[in-house]
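These figures come from a predicted structure and were not determined experimentally. When a ligand or atom number is given, it counts from 1 through the structure's own listing order.
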Amino acid sequence: MTMRTRTLGTTGPQVSALGLGCMGMSALYGDADRAESIATVHAALEAGVTLLDTGDFYAMGHNEMLIGEALRTAPAARREQALVSVKFGALRDPDGNWSGYDGRPAAVRNFAAYSLQRLGVDHIDVYRIARLDPDVPIEETVGAIAELIEKGYVRHVGLSEVGAETIRRAAATAPVADLQIEYSLISRGIERDILPTTRELGIGVTAYGVLSRGLISGHFARDRQLAANDFRAHSPRFQGENLRHNLNLVEALRKIAEQKGVTVAQTAIAWVLSRGEDIVPLVGARTRERLGESLGALDVTLDAAELAAIEEAVPADAAAGDRYPTAQLAHLDSER
Ligand SMILES: NC(=O)c1ccc[n+]([C@@H]2O[C@H](COP(=O)([O-])OP(=O)(O)OC[C@H]3O[C@@H](n4cnc5c(N)ncnc54)[C@H](OP(=O)(O)O)[C@@H]3O)[C@@H](O)[C@H]2O)c1
């Protein structure tokens with residue numbers, strides 16, 4: 001299979017049209033199987049996926065070490081094709097509690113030094129602060145990444161979950177390859193101001209949550225028991241009546257998927273792929289089976305009638321519940 005590619009913005013790298021988000025292999029969605037996670041990264045690289053996404057705070061370095069091991073044990077040709085996108089800035093404690101964000105230049109350099117060690121690489125391909133630090137102007141944080149680029153430790157500046165004004169300020173400081181932000185059939189907020197801004201400035205989008213953390217994958221059972229440390233146990237969209245409403249949307253989507261002979265997850269991913277060549281969905285597969293399903297979306301072409309049917313089944317703003325709990329929404333510059 002020849003992997004389709006897309007380019008992250010006018011200054012960013014060429015990457016596979018689907019990226020692999022590795023977060024769930026270490027954190028936030030309950031237990032994961034380490035050996036299967038590494039096998040999934042290897043299978044992705046083998047299939048031509050070149051973009052791997054992580055955050056240094058995903059289980060406090062665990063996810064970076066896992067990717068480091070997967071890269072070390074992959075065939076050299078595959079390893080050399082891999083591009084690693086890293087988020088930094090979130091502050092944790094040994095109990096896993098979250099205590100804000102740090103975007104000061106000295107902190108950026110410190111975070112990068114540790115990430116390079118854990119990943120076992122000599123550079124990070126795209127480096128971004130996970131959330132805007134409200135106490136540090138974005139120019140200072142991005143300026144620190146630009147200095148790391150000059151020194152060869154980083155290749156490209158990325159952004160995460162920031163709004164149009166912050167995007168403009170960042171882009172005025174240094175070339176920005178991509179904005180990483182939630183985008184799916186049921187999270188379409190970026191279409192209003194953010195996507196027009198990235199398009200005007202030639203910045204790509206790496207879309208996360210394209211399956212809304214499994215909610216619109218077609219595999220999420222209403223009675224699924226979630227561990228207390230699973231993000232979904234606290235996410236408004238997965239609670240009670242909201243969950244019932246949202247899973248009804250999934251059933252409407254399932255009818256369209258079945259008519260086309262594809263899965264619900266493939267339909268949801270193909271919809272994001274259809275939104276523009278500037279958008280690269282990150283899929284959060286953590287098993288080879290789910291990865292295989294996600295990669296199948298690359299072969300799904302949706303024509304105008306199918307796109308219209310999908311949007312009728314799942315209209316914009318149809319989801320019940322916010323995409324984050326209130327306390328976490330407050331950290332999203334993109335929601336201001
Ligand atoms: N910048 C940010 O603020 C931010 C925030 C969140 C995530 N991210 C990045 O984006 C990546 C993707 O986000 P996400 O993991 O929330 O996205 P997602 O792809 O919407 O959700 C992944 C979850 O969906 C379920 N799933 C069901 N069918 C699947 C299929 N065919 N393929 C993949 N997953 C399937 C899996 O849950 P089960 O295994 O439980 O079935 C999996 O854990 C993350 O790994 C992370 O790197 C960035």
Side-chain angles (χ1 to χ4, degrees), residues 18-33 36-37 40-41 43-44 49 51-59 63-64 66-67 84-90 98 101 126-132 158-162 178-187 190 205-221 224-227 230-233 235 237-238 250 254 257 262-272 280-298 300 319 323-324 328-329 331-335:
L18 276 188
L20 181 65
C22 299
M23 176 181 81
M25 297 176 182
S26 299
L28 290 161
Y29 298 147
D31 293 340
D33 178 323
E36 180 60 28
S37 295
T40 304
V41 176
V49 170
L51 180 64
L52 304 177
D53 185 71
T54 183
D56 62 8
F57 48 87
Y58 290 159
N63 202 235
E64 289 184 320
L66 186 142
I67 291 176
V84 185
S85 149
V86 180
K87 292 180 291 301
F88 64 86
W98 304 82
Y101 294 90
V126 191
Y127 203 42
R128 67 185 91 243
I129 188 159
R131 300 285 181 269
L132 182 68
L159 296 170
S160 172
E161 284 290 357
V162 289
D178 72 321
L179 167 69
Q180 189 173 111
I181 197 157
E182 186 166 358
Y183 188 44
S184 73
L185 268 168
I186 63 167
S187 296
I190 71 168
V205 168
T206 42
Y208 77 81
V210 293
L211 298 176
S212 197
R213 304 170 183 271
L215 178 60
I216 60 168
S217 67
H219 299 296
F220 197 87
R224 181 162 167 183
Q225 298 299 311
L226 298 167
D230 191 313
F231 172 88
R232 299 169 292 195
S235 165
R237 290 185 171 170
F238 288 82
V250 176
R254 194 187 302 278
V262 300
T263 70
V264 178
Q266 288 168 343
T267 310
I269 297 167
W271 180 85
V272 176
V280 174
L282 291 174
V283 294
R286 49 192 183 158
T287 63
R288 285 167 285 181
E289 191 187 343
R290 295 285 200 243
L291 172 74
E293 182 184 22
S294 298
L295 290 173
L298 290 164
V300 178
R323 62 190 182 99
Y324 277 95
Q328 294 179 33
L329 266 183
H331 291 295
L332 298 182
D333 183 65
S334 50
E335 293 286 341

* Structure fact -> With heavy atoms and a 4.0 Å threshold, my read on which part of Tyr58 contacts ligand 1 is side chain
* Would you mind reporting whether Trp98 and His331 have side-chain heavy atoms less than 4.5 Å apart? => no
* To do: Could you check if a side-chain atom of Arg131 sits within less than 4.5 angstrom of a side-chain atom of Leu332, using non-hydrogen atoms only?
  => yes
* To do: Pick one of side chain, backbone, both or neither for how His219 approaches ligand 1, counting any non-hydrogen atom pair under 4.0 Å.
  => side chain
* Backbone of Thr54 reached by a side-chain donor or acceptor of Lys87 within 3.5 Å -> yes
* Asked: Heavy-atom contacts under 4.0 Å between Ala130 and ligand 1: side chain, backbone, both, or neither?
  -> neither
* To do: Can you pull out the closest protein heavy atom to atom 39 (O) of ligand 1? Residue, atom name and distance to 0.1 Å, please.
  => Arg286 NE, 2.9 Å
* To do: For the residue pair Ser187 and Arg237, confirm or rule out a side-chain donor-acceptor distance under 3.5 Å.
  => yes
* Do Ser85 and Gln180 have side-chain heavy atoms sitting under 4.5 Å apart? -> yes
* Which protein non-hydrogen atom lies closest to atom 35 (C) of ligand 1, naming both residue and atom, and how far is it? -> Leu211 CD1, 3.5 Å
* Checking side-chain contact (heavy atoms from CB on, under 4.5 Å) for the pair Thr267/Leu185: CA distance, chi angles, key distance, verdict? -> CA-CA 10 Å; Thr267 310; Leu185 268 168; 5.8 Å; no
* What atoms in ligand 1 come closer than 4.0 Å to a heavy atom of Leu282? -> 10 (O), 12 (C)
* To do: Evaluate the criterion side-chain contact (heavy atoms from CB on, under 4.5 Å) for residue pair Phe231 and Gln328; output intermediate values, then yes/no.
  => CA-CA 11 Å; Phe231 172 88; Gln328 294 179 33; 3.5 Å; yes
* Does ligand 1 have an atom that lies less than 4.0 angstrom from a heavy atom of Arg232? -> yes
* Asked: By number and element, which atoms of ligand 1 are closer than 4.0 Å to a non-hydrogen atom of Arg131?
  -> 2 (C), 3 (O)
* Provide the number and element of each atom of ligand 1 under 4.0 Å from a heavy atom of Lys87. => 1 (N), 48 (C)
* Relative to the heavy atoms of Gly21, which atoms of ligand 1 are at a distance of less than 4.0 Å? -> 11 (C), 44 (C), 45 (O), 47 (O)
* Structure fact -> atom 13 (O) of ligand 1: closest protein heavy atom, distance to 0.1 Å, is Gly209 N, 3.6 Å
* In Å, rounded to the nearest 0.5 Å, how long is the span from OG of Ser294 to CG of Leu18? -> 7.0 Å
* Asked: Do side-chain atoms of Asn63 reach the backbone of Cys22 as a donor and acceptor pair under 3.5 angstrom?
  -> yes
* To do: Name the option, out of Arg290, Arg213, Gln328, that contains the heavy atom nearest to atom 18 (P) of ligand 1.
  => Arg213
* Asked: In terms of the angle between their ring planes, are Trp271 and Tyr183 parallel, tilted or perpendicular, with boundaries placed at 30° and 60°?
  -> tilted
* Structure fact -> Of all protein heavy atoms, the one nearest atom 9 (C) of ligand 1 is Asp53 OD2, 3.5 Å
* Side chain, backbone, both or neither: which part of Arg224 has a heavy atom under 4.0 Å from ligand 1? -> side chain
* **Polar side-chain atom of Arg288 near backbone of Ala43 as donor-acceptor pair, under 3.5 Å** => no
* Asked: Applying a 4.0 Å heavy-atom criterion (strictly less than), which segment of Glu293 is in contact with ligand 1: side chain, backbone, both, or neither?
  -> side chain
* Asked: How close does the nearest protein non-hydrogen atom get to atom 19 (O) of ligand 1, and which residue and atom is it?
  -> Gly284 N, 3.0 Å
* Structure fact -> ligand 1 to Ser294, heavy atom cutoff 4.0 Å, flagged ligand atoms 30 (C), 31 (N), 32 (N), 33 (C)
* Asked: Can Arg213 be said to sit on top of Tyr324's aromatic six-ring, NZ or CZ under 6.0 Å from centre and within 45° of the ring axis?
  -> yes
* Asked: Any sub-3.5 Å donor-acceptor pair from Arg286's side-chain atoms to Tyr29's backbone N or O?
  -> yes
* Show which atoms of ligand 1 fall inside a sub-4.0 Å distance from at least one heavy-atom site of Tyr29. => 14 (P), 15 (O), 16 (O), 43 (O)
* Nearest non-hydrogen atom to atom 6 (C) of ligand 1 belongs to which of Phe220, Tyr208, Phe231? -> Tyr208
* Does an N or O anywhere in Thr54 fall below 3.5 Å from an N or O of ligand 1? -> no
* **For Gly214, atoms of ligand 1 separated by under 4.0 Å from a heavy atom** => 21 (O), 23 (C), 24 (O), 25 (C)
* Asked: Should Ser37 and Leu66 be marked as a side-chain contact (heavy atoms from CB on, under 4.5 Å) after you check the CA-CA gap, both sets of side-chain angles, and the distance that decides it?
  -> CA-CA 8 Å; Ser37 295; Leu66 186 142; 4.0 Å; yes
* Asked: Does the N or O separation between Met23 and ligand 1 drop below 3.5 Å for any pair?
  -> yes
* Structure fact -> for atom 48 (C) of ligand 1, nearest protein heavy atom and its distance come out as Gln180 OE1, 3.0 Å
* Determine whether the side chain, the backbone, both or neither of Ser184 has a heavy atom under 4.0 Å from any heavy atom of ligand 1. => neither
* Number the atoms of ligand 1 from 1 as they appear, then name those within less than 4.0 Å of a heavy atom of Ser160, with their elements. => 1 (N), 2 (C), 3 (O)
* Indicate yes or no: at least one non-hydrogen side-chain atom of Thr206 is less than 4.5 angstrom from one of Arg128. => yes
* Under 3.5 Å, N or O to N or O, is Ala265 touching ligand 1 that way? -> no
